[in-house]
Amino acid sequence: MPDLIKKAASSYRWIRNSLISFFIANILILIGKDDWIGRFKTPLHYLDMLVTFLSVFIILEIIDRVNLFLNKKFEWTKETFKRVIYQLLFAIIIPVILSILITFIQWEFIWHQDLFRDNYFKYEFFPQVLLILIINLFFIVIHLFKEGVSKDNEANLSSLPFIIGRKGVKKIPVQVSNVSYIQLKQGIVYLITFEGEEFFLSENLDHFEKILPPSHFFRANRQFIIRREACKSFASGTNGKVDVTIFPALATIQVSQKRAANFRSWIST
């Protein structure tokens with residue numbers, strides 16, 4: 001399951017960073033130019049677009065990966081001073097130096113322009129530094145927001161420690177942290193744990209969809225509420241649905257078409 005989440009998160013990061021790089025590259029190329037529409041008619045524009053996109057993407061990826069590493073090693077709220085120093089050095093100063101180097105290569109070997117004679121440091125250097133600062137701020141804000149949401153979700157999970165299940169005439173408290181999925185089968189609601197134990201529940205799926213923390217549980221369709229850790233694998237199904245293999249049953253269930261996009265977003269966060 002951790003590998004599944006990592007793959008989904010990695011795919012999301014690549015798509016996100018590609019879109020951001022494309023947007024920034026367009027701004028860098030077109031800003032200050034008069035004939036925007038006319039530039040799209042020239043082949044040189046698309047070469048410029050490709051080179052600028054790759055340059056921005058490289059810088060963006062480096063800053064993103066540095067932030068991911070620092071988020072694991074030096075949390076903002078616990079080791080603020082160290083985090084500021086490392087953030088300044090590895091996520092700002094080094095990307096700025098790398099940005100100058102990439103621009104030098106681009107100007108010298110592609111456009112055959114002199115970096116120093118053509119006033120790079122007068123007109124383009126400071127906007128690049130500002131852009132790197134904005135990118136850092138973007139990743140920092142996202143991280144702090146996710147941290148806040150994660151803490152709220154943990155509080156929600158601890159606020160509902162047990163679900164009362166039934167086996168015969170016995171009522172048994174089941175820890176929410178041990179719930180793999182909840183299933184409606186032949187009009188009866190079942191709770192299945194990660195150990196494969198099965199309990200009857202008195203309430204319907206709608207009830208549990210409301211009280212279970214959405215960070216950990218997802219309503220896949222009319223018959224299933226699944227826990228994130230219970231998803232062994234998933235793949236695109238027919239008609240826009242998603243096929244999910246759940247643990248411990250190793251059965252494949254379908255996430256409905258209208259819930260598919262929400263599922264992909266949920267599993268990757």
Side-chain angles (χ1 to χ4, degrees), residues 1-28 31 52-106 120-121 123-159 177 213-218 227-229 231 264-269:
M1 181 58 196
D3 292 337
L4 175 63
I5 296 176
K6 285 181 180 179
K7 287 181 180 179
S10 179
S11 299
Y12 165 75
R13 281 183 51 255
W14 273 79
I15 294 172
R16 180 199 64 193
N17 289 351
S18 297
L19 292 175
I20 294 175
S21 299
F22 179 77
F23 176 73
I24 292 175
N26 271 287
I27 292 177
L28 292 176
I31 193 169
T52 304
F53 168 79
L54 291 175
S55 302
V56 173
F57 184 81
I58 291 171
I59 299 296
L60 187 65
E61 268 291 302
I62 290 173
I63 296 174
D64 190 10
R65 291 180 182 276
V66 167
N67 273 276
L68 288 173
F69 176 80
L70 293 179
N71 289 341
K72 296 177 182 178
K73 297 293 183 179
F74 306 100
E75 184 51 62
W76 282 102
T77 56
K78 295 179 180 179
E79 298 181 90
T80 306
F81 180 74
K82 285 185 179 180
R83 179 59 189 264
V84 170
I85 297 299
Y86 287 124
Q87 190 80 26
L88 182 64
L89 176 61
F90 294 106
I92 296 178
I93 294 177
I94 290 179
V96 166
I97 295 173
L98 185 59
S99 176
I100 295 173
L101 179 61
I102 292 175
T103 304
F104 171 77
I105 295 173
Q106 182 180 347
Y120 162 76
F121 289 99
Y123 296 109
E124 297 194 29
F125 173 69
F126 290 107
Q128 285 184 356
V129 174
L130 179 61
L131 185 60
I132 289 173
L133 292 174
I134 292 173
I135 291 172
N136 271 274
L137 181 62
F138 170 74
F139 287 127
I140 291 170
V141 169
I142 287 179
H143 170 67
L144 293 177
F145 174 76
K146 286 183 177 180
E147 282 292 297
V149 171
S150 177
K151 289 178 181 178
D152 289 342
N153 289 334
E154 288 176 4
N156 290 336
L157 188 60
S158 61
S159 66
S177 59
S215 59
H216 295 273
F217 293 89
F218 184 84
R227 187 184 174 90
R228 186 194 304 274
E229 290 79 4
C231 299
R264 294 181 187 277
S265 176
W266 171 78
I267 198 69
S268 63
T269 54

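Hydrogens, waters and symmetry mates are skipped; everything else that's a heavy atom, side chains included, is used. Computed from a predicted structure; not experimentally measured.
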Beyond-backbone contact of L131 with L28, side-chain heavy atoms, under 4.5 angstrom: yes
Non-hydrogen side-chain atoms of L88 and R83 separated by less than 4.5 Å: no
Drop me the distance from [X]'s [atom1] to [Y]'s [atom2], to the nearest 0.5 angstrom.
| X | Y | atom1 | atom2 | result |
| --- | --- | --- | --- | --- |
| S177 | R227 | OG | CZ | 6.5 Å |
| F22 | I27 | CZ | CD1 | 11.0 Å |
| S268 | R228 | OG | CZ | 8.0 Å |

Go through the structure and list residues passing side chain to side chain contact (heavy atoms under 4.5 Å, CB included) with [X], not counting sequence neighbours.
| X | answer |
| --- | --- |
| Y86 | L70, F74, K82, F90 |
| L101 | L98, I105 |
| S21 | F53, V56, F57, L60 |
| I100 | V96, L115, Y120, F121, F125 |

Minimum heavy-atom separation for [X] and [Y], please, with both atom names.
| X | Y | result |
| --- | --- | --- |
| E61 | N17 | OE2-ND2, 2.7 Å |
| T103 | S99 | OG1-O, 2.7 Å |
| R65 | W14 | NH2-NE1, 4.1 Å |

Do K73 and E79 sit within salt-bridge range, that is, some charged N less than 4.0 Å from a carboxylate O? no
Go through the steps for T52 and Q106 under the test side chain to side chain contact (heavy atoms under 4.5 Å, CB included), then give the verdict. CA-CA 9 Å; T52 304; Q106 182 180 347; 3.9 Å; yes
Checking S55 now: which residues fulfil side-chain hydrogen bond (donor to acceptor under 3.5 Å, both in side chains) with it, not counting sequence neighbours? none
Residues two or more places apart in sequence or in another chain: which of them pass side-chain hydrogen bond (donor to acceptor under 3.5 Å, both in side chains) with E124? none
Side chain to side chain contact (heavy atoms under 4.5 Å, CB included), that's the test. Do R13 and L68 meet it? Break it down for me. CA-CA 11 Å; R13 281 183 51 255; L68 288 173; 3.5 Å; yes
Please determine whether side chain to side chain contact (heavy atoms under 4.5 Å, CB included) holds for the pair R16 and D64, giving the CA-CA distance in whole Å, both sets of side-chain angles, and the decisive distance to 0.1 Å. CA-CA 11 Å; R16 180 199 64 193; D64 190 10; 2.7 Å; yes
Using distance only, find each side-chain donor-acceptor pair of residues 133-142 under 3.5 Å and give its atom names and separation, not counting sequence neighbours.
residue : atom : partner : partner atom : Å
N136    : OD1  : Q87     : NE2          : 2.8
N136    : ND2  : A91     : O            : 2.8
N136    : ND2  : I132    : O            : 2.9

Can a donor-acceptor pair be found, under 3.5 Å and without considering hydrogens, that links the side chain of W76 to the backbone of H143? no
